[in-house]
Chemist: 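Please read through the structure below; I'll follow up with questions.
Every value quoted in this text rests on a predicted model; they were computed, and no experiment measured them.
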Amino acid sequence: FDLAGHHTYYSSHCAVLEAISLSPSTFLILVNLLLDFEDINKQLYYWSGMIGDVCHRCPQQSSVIVVGTHSDGITDREQLESLCAALKKAARNAIKKHTFTDFAALNATAFNGEEMEKFVSLLCKTNISVIANYPAISLNTHMMYAFLNDKVHQNEILLSQLLTLLREEEPKFLPTESTEVSPLLKTLSIKGLIVFFNDTMAENSWIVIHPEVLLEKVNGVLFAPSSFVEYLPIASNTGVIPVVLLKEYF
């Protein structure tokens, strides 16, 4: 997910991050090396604070890599190295709630070269480490995720409808009772792979199989800036919106 760094989009960041950051992740904070050091430092504290605050439900710490762009705009090598060292120290001080992995400086105009190779290597190693620390999940959970993606040809489905599909499946390899299926769906939801809206009446629970659709069709509309065609007059910086308006527009 790419969170636009423009101020216009700030109101949507909490909604998006809270929806997708239910498991440890790798975050990239991009800063423009051509800006004043004070401005860059403010961005570091804003984004590290945002990540720390909205990802509090993660069972483990996420990894954060800070990337300095436009390194090609600083021709003095010693100046660039000094700035990178200062920013690495600043990032270490700013990022407290999650793990600061490293700082990388990149040329914004080059898609290959030594800088990019080092960055890709750093990103791969970080992702491998994050994935290795994920708690193990059961085979049934893996199979349920595969079933949802292969057999359910829609973005959302009621639990009662899913149970019907499971009972019709031959050969039967997954549980077919809500008391056994619900825990599998909850695990997938915690992982951020689906969204499971659990109802007190279990079979009335909803499963959103593709969370990105929910982010686009609901969160994206609710927080759309006024300059966007998707903008609705109910958009709110506080996130508090009357149910009657939600029913009217959705």
Side-chain angles (χ1 to χ4, degrees), residues 1-5 9 12-33 40 43-71 84 87-108 110-139 141-146 148-149 184 186-195 208-216 219:
F1 292 87
D2 178 11
L3 298 184
Y9 301 97
S12 67
H13 293 153
C14 286
V16 173
L17 283 174
E18 285 187 345
I20 65 175
S21 300
L22 301 175
S23 293
S25 307
T26 300
F27 290 96
L28 304 181
I29 299 179
L30 272 63
V31 295
N32 187 339
L33 295 177
I40 298 175
Q43 290 182 9
L44 283 175
Y45 273 92
Y46 170 80
W47 286 107
S48 61
M50 170 71 72
I51 294 170
D53 290 341
V54 301
C55 301
H56 60 276
R57 289 183 292 172
C58 287
Q60 296 166 298
Q61 288 190 335
S62 292
S63 294
V64 182
I65 299 173
V66 177
V67 179
T69 65
H70 299 78
S71 65
C84 289
L87 288 175
K88 187 171 183 177
K89 181 179 179 180
R92 187 175 286 109
N93 291 333
I95 300 166
K96 298 294 186 183
K97 296 182 180 179
H98 291 280
T99 302
F100 170 59
T101 303
D102 208 344
F103 177 90
L106 291 180
N107 181 337
F111 293 98
N112 51 28
E114 184 180 355
E115 286 183 343
M116 183 59 70
E117 288 178 2
K118 288 181 178 179
F119 170 68
V120 171
S121 176
L122 170 64
L123 184 59
C124 290
K125 289 178 181 178
T126 304
N127 286 338
I128 290 171
S129 175
V130 169
I131 293 171
N133 289 326
Y134 273 21
I137 61 175
S138 68
L139 176 61
T141 306
H142 281 285
M143 298 303 293
M144 178 59 71
Y145 184 62
L148 290 172
N149 281 277
L184 304 181
K186 288 179 182 176
T187 299
L188 291 173
S189 188
I190 290 172
K191 294 289 183 184
L193 297 172
I194 66 170
V195 178
V208 180
I209 299 168
H210 304 292
E212 63 274 12
V213 174
L214 186 67
L215 290 173
E216 177 186 352
N219 290 355

Chemist: Given side chains that start at C-beta, do those of Thr26 and Thr101 come closer than 4.5 Å, heavy atoms only?
Modeler: no
Chemist: To check you understand the geometry: which heavy-atom pair defines the closest contact between Val195 and Pro211, and what is its length?
Modeler: CG2-CB, 4.0 Å
Chemist: If I take atom CD1 from residue Ile29 and atom CD1 from residue Ile40, how far apart are they, to the nearest 0.5 angstrom?
Modeler: 12.5 Å
Chemist: Nearest 0.5 Å, what's the CD1-CG distance between Ile194 and Leu188?
Modeler: 4.5 Å
Chemist: Between atom OG1 of Thr141 and atom NZ of Lys186, what is the distance when rounded to the nearest 0.5 Å?
Modeler: 13.0 Å
Chemist: For the residue pair Ala104 and Phe119, what are the closest heavy atoms and their distance?
Modeler: CB-CD1, 4.0 Å
Chemist: Between Leu28 and Leu123, is there a side-chain heavy-atom distance shorter than 4.5 Å?
Modeler: yes
Chemist: Quick check: closest heavy atoms across Ala94 and Ser48, and the distance to 0.1 Å?
Modeler: O-OG, 3.3 Å
Chemist: With heavy-atom distances below 4.5 Å as the criterion, would you say the side chains of Tyr45 and Asn93 are in contact?
Modeler: yes
Chemist: Between Leu184 and Ser138, does the side chain to side chain contact (heavy atoms under 4.5 Å, CB included) criterion hold? Intermediate values first, please.
Modeler: CA-CA 9 Å; Leu184 304 181; Ser138 68; 4.1 Å; yes
Chemist: Over all heavy atoms of both residues, which pair between Thr99 and Gln61 is shortest? Give the atoms and the distance, please.
Modeler: OG1-OE1, 2.9 Å
Chemist: Side-chain contact, heavy-atom cut-off 4.5 Å: Phe100 with Lys88?
Modeler: yes
Chemist: Going by the salt bridge (charged side-chain N to carboxylate O under 4.0 Å, His left out) test, which pairs reach into residues 120-132, not counting sequence neighbours?
Modeler: none
Chemist: Working to the nearest 0.5 angstrom, can you tell me the gap between Leu193 CG and Tyr145 OH?
Modeler: 5.0 Å
Chemist: Tell me if a side-chain donor or acceptor on Ser71 pairs with a main-chain N or O of Asn107 at a distance below 3.5 Å.
Modeler: yes
Chemist: Looking at His70 and Asn32, would you say the former's side chain and the latter's main chain have a donor-acceptor pair under 3.5 Å?
Modeler: no
Chemist: With the side chain counted from C-beta on, respond yes when Leu87 and Val66 share a heavy-atom pair under 4.5 Å apart, and no when they do not.
Modeler: no
Chemist: Give me each pair satisfying salt bridge (charged side-chain N to carboxylate O under 4.0 Å, His left out) with a member in residues 112-121, each pair once, sequence neighbours excluded.
Modeler: Glu114-Lys118
